Amino acid sequence: MNILVVNCGSSSLKYQLINMDDESVIAKGLCERIGIDGSKLTHQPAGKDKYVVEHEMPDHTVAIKLVMDALVDPEHGVIKSTDEIAAVGHRVLHAGTVYSDSIIVNEDVKRVIRECFDLGPLHNPANLMGIEACEKAMPGKPNVAVWDTGFGMKMPEKAYLYAIPHEYYEKYSIRRYGFHGTSHMFVSGEAIKFGNLDPENAKVIVCHLGNGASVSASIGGKCVDTSMGLTPLEGLIMGTRSGDIDPAVVQFICNKEGKDVNEVLNILNKKSGVYGMSGGVSSDFRDIEAAAKSGNHLAEVALDAFRYRVAKYIGAYTAAMNGVDAIAFTAGVGENDKATRKAICEYLGFLGVKIDDQANDVRGKNAVISAADSKVKVMLIPTNEELAIARDTLALVK
Ligand code: AMP
């Protein structure tokens, strides 16, 4: 049974066709510059050459039609007809407080996605366009919405409520939601399996360290806390996002620079993080590390601060769960950067965390990187959000 996974951005559409019999990727690809001049589809069928289609894509409906054509193309395709696709799983950012579990899309689900446009102004409209494009291209085929906020929706009230007047939660659903939900769900689940942990009670901290970064704490796979909030701005220092900050900084910059709140929020989202701290070296952690190595003090401090913030969250989440059985690193930095993993774990000696340098010399595959006598199992677990979405989709349509 094949599941098509679709992840729509405002001008892009990523897809994977996954054979759920063995969870192998049969084809994947990307439509870029949708609605902009110069749009193209890059289609990669497994075991065949890459196929690039340069074609106008005024909207997501045309993009999905081109994806369908590529999938069934006699030369570059991987299936004979779209009948071989059982269902489509969509990554959808936000369902507000309405849904946390994945769900088959109907009119009510689409209404909720629409009502949450103000909570996910960049993603929710694109996600809805992707769903509607698939409905048009494959009438009657089930579409499933998998929420990026789903994992965080299981947090208890004490973790998700902000200490602001309660009326704002009641009127506008202002609360902490958490993002990267499919990644935290997938990695915490894999960590429990790979680490042979108790599936009901294992206390797991997942560090999703990429350009966007977040930490989660879960017990038996159920979220206890996670570092992103109402928006992905809260929590860790990221590529360009500030993470946690005193909100008074916003007012201060507004007053000093004559900017409005929206401008300053834009700075906190797009010009801050290691990019801003390093004085504009880069938002890419490889560049920051290279600059730090060559003696750039601000890059060194940015890297130190990034690692320090992750360690502080691990300490806090260990207290939140009254213990921790496993810490799992994932995403671009977490999967590839042994120096950052080691530097973070060096803060955690008081928990009995011990890294095995040889075992830590690994990238991109499931691995235990802690020493045999470490009190906490430290792991590298590559994330696979598409597979997580495909599994949820399959479970609903089987
Ligand atoms: P992601 O958002 O998960 O795709 O992660 C992207 C981030 O991972 C970028 O900032 C990359 O610089 C970073 N990254 C990838 N490989 C490495 C590496 N070997 N060392 C440090 N950072 C890396």
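Numbers here are sequence positions counted from 1. Only a predicted model underlies this, so the values are computations on that prediction, with no experimental measurement involved. We count ligands from 1, going down the list as the structure has it; atoms in each ligand are counted the same way.
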(request) Give the residue and atom name of whichever protein heavy atom lies nearest to atom 3 (O) of ligand 1, and the separation in Å to one decimal. (result) G332 N, 2.8 Å
(request) May I ask you to test the L209-L236 pair for a side-chain heavy-atom distance under 4.5 Å? (result) yes
(request) State whether Y313 and R309 meet the cation-pi test: NZ (Lys) or CZ (Arg) under 6.0 Å from the six-membered ring centroid, and within 45° of the perpendicular axis. (result) no
(request) Do me a favour and list the nearest non-hydrogen protein atom to atom 13 (C) of ligand 1 with residue, atom name and distance? (result) V333 CG2, 3.7 Å
(message) Return the closest protein heavy atom for atom 23 (C) of ligand 1 as residue, atom name and distance.
(response) R286 CG, 3.7 Å
(request) Return each pair, listed once, that meets salt bridge (Lys or Arg N to Asp or Glu O under 4.0 Å) where at least one residue sits in residues 140-162; pairs must be two or more places apart or across chains. (result) R91-D148, D101-K154
(message) Once salt bridge (Lys or Arg N to Asp or Glu O under 4.0 Å) is applied, what residue pairs with a partner in residues 7-23 remain, sequence neighbours excluded?
(response) E23-R391
(request) Give a yes/no verdict on whether any heavy atom in R363 is under 4.0 Å from an atom of ligand 1. (result) yes
(request) Select the closest option to atom 16 (N) of ligand 1 among N336, N211, D284, judged by heavy-atom distance. (result) N336
(request) Please indicate, with yes or no, if any protein heavy atom is found under 4.0 Å from atom 5 (O) of ligand 1? (result) yes
(request) Just need the protein heavy atom nearest to atom 20 (N) of ligand 1, so name the residue and atom and give the distance. (result) D337 CB, 3.7 Å
(request) Take H208 and T383, measure what side chain to side chain donor-acceptor pair (under 3.5 Å) needs, and give me the verdict at the end. (result) CA-CA 8 Å; H208 177 114; T383 191; 4.9 Å; no
(request) For a side chain to side chain donor-acceptor pair (under 3.5 Å) with N143, tell me which candidate from K110, H90, E132 qualifies. (result) H90
(request) Taking only heavy atoms of G210 into account, list the atoms of ligand 1 that are under 4.0 Å away from them. (result) 1 (P), 2 (O), 3 (O), 5 (O)
(request) Show which atoms of ligand 1 fall inside a sub-4.0 Å distance from at least one heavy-atom site of A331. (result) 3 (O)
(request) Decide yes or no for R307 and K342: does some side-chain heavy atom of the first lie under 4.5 Å from some side-chain heavy atom of the second? (result) no
(message) Does ligand 1 come near enough to F285 that some N or O of the ligand is less than 3.5 Å from an N or O of the residue?
(response) yes
